[in-house]
Asker: 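Okay, here's the structure, questions in a sec.
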Amino acid sequence: MLLFLPSMRSRPPKRAMRHHAGYRAALTEAGHILADGNVRLTGHGLAPTCAAAKELLSTPDRPSAVFAADDTLAAGTLRAAHDLGLAVPGDLAVVGFDDSELAEALDLTTVRQPLEESGRAAMELLMQRLDRPGTVREVALRLQLIPRGTS
């Protein structure tokens, strides 16, 4: 298994790191280990992700599944698999995150996050911070796996 994270300069954004932590925790809970060598940082976009995925998917011990931090990174991985003649999902399962229109167009399995609820929670947190500086509150949003043709 592999995780693709977008890289911004020398480190990935906080959102991607939260995805990484959650993904790693879920794998551990299921009895699997995600080796550090199976986490890749790539520039955001189809071309850099495709190049990174081609490099990895060309190795003899290529992963059987890829979880990408967003649907664009997953699309780059799908392009690389196609270019290498790999069947998705037969040879490789690919899952994205966000459930964007791109995911629907590509029949990409993805994780849907409630964007409207996320925006509302962000505004509430901002208002709370303005009213009571220093107050910390954690918000957990319900995510949903959207199974499609890539897993």
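Computed from heavy atoms alone, side chains included, the values below leave out hydrogens, waters and symmetry copies. Just so we're clear, the structure is a prediction, and the values are computed from it rather than from any experiment.
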Asker: Looking at P89 and G149, what are the two nearest heavy atoms and their distance?
Answerer: CD-O, 3.4 Å

Asker: How long is the span from the NZ atom in K54 to the CZ atom in R62, to the nearest 0.5 Å?
Answerer: 15.0 Å

Asker: Identify, with sequence neighbours excluded, every residue that meets side chain to side chain contact (heavy atoms under 4.5 Å, CB included) alongside S151.
Answerer: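 S151: side chain to side chain contact (heavy atoms under 4.5 Å, CB included) contacts with A93, V95, T109.
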
Asker: With sequence neighbours left out, what residues match E116 under side chain to side chain donor-acceptor pair (under 3.5 Å)?
Answerer: R120

Asker: So, the side chain of D71 versus the backbone of F97: is there a donor-acceptor pair under 3.5 Å, distance only?
Answerer: yes

Asker: In Å, rounded to the nearest 0.5 Å, how long is the span from OG1 of T150 to CG of D107?
Answerer: 7.0 Å

Asker: Which other residues belong to the hydrophobic cluster containing L126, where Ile, Leu, Val, Met, Phe, Trp and Tyr are joined when side-chain heavy atoms lie under 4.5 Å apart, directly or via other members?
Answerer: M123, M127, L130

Asker: What closest approach, in Å, do L73 and G45 show between heavy atoms, and which atom pair accounts for it?
Answerer: CD2-N, 4.3 Å

Asker: Just verifying a value: how many Å separate R79 CZ and L84 CG, rounded to the nearest 0.5 Å?
Answerer: 10.5 Å

Asker: Under 4.5 Å between any side-chain heavy atoms of P114 and L143, yes or no?
Answerer: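 They are in side-chain contact.
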
Asker: At their closest point, which heavy atom of L102 faces which heavy atom of A75, and how far apart are they?
Answerer: CD2-CB, 3.8 Å

Asker: Is E55 atom CD crowded by more than 12 heavy atoms from other residues, nucleotides or ligands, each under 6.0 Å away?
Answerer: no

Asker: For E104, look at atom CD and say whether over 12 heavy atoms of other residues, nucleotides or ligands are found less than 6.0 Å away.
Answerer: no

Asker: Could you verify whether a donor N or O on one side chain and an acceptor N or O on the other, from D99 and Q113, lie under 3.5 Å apart?
Answerer: no

Asker: How long is the span from the CG atom in L78 to the CG atom in L92, to the nearest 0.5 Å?
Answerer: 8.0 Å

Asker: Donor-acceptor check, side chain of T49 to backbone of T77, threshold 3.5 angstrom: yes or no?
Answerer: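 The answer is no, because no donor-acceptor pair under 3.5 Å joins these two groups.
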
Asker: What pair of heavy atoms forms the shortest contact from A74 to A68, and how long is it?
Answerer: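 The pair with the smallest heavy-atom distance is N-CB, 3.4 Å.
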
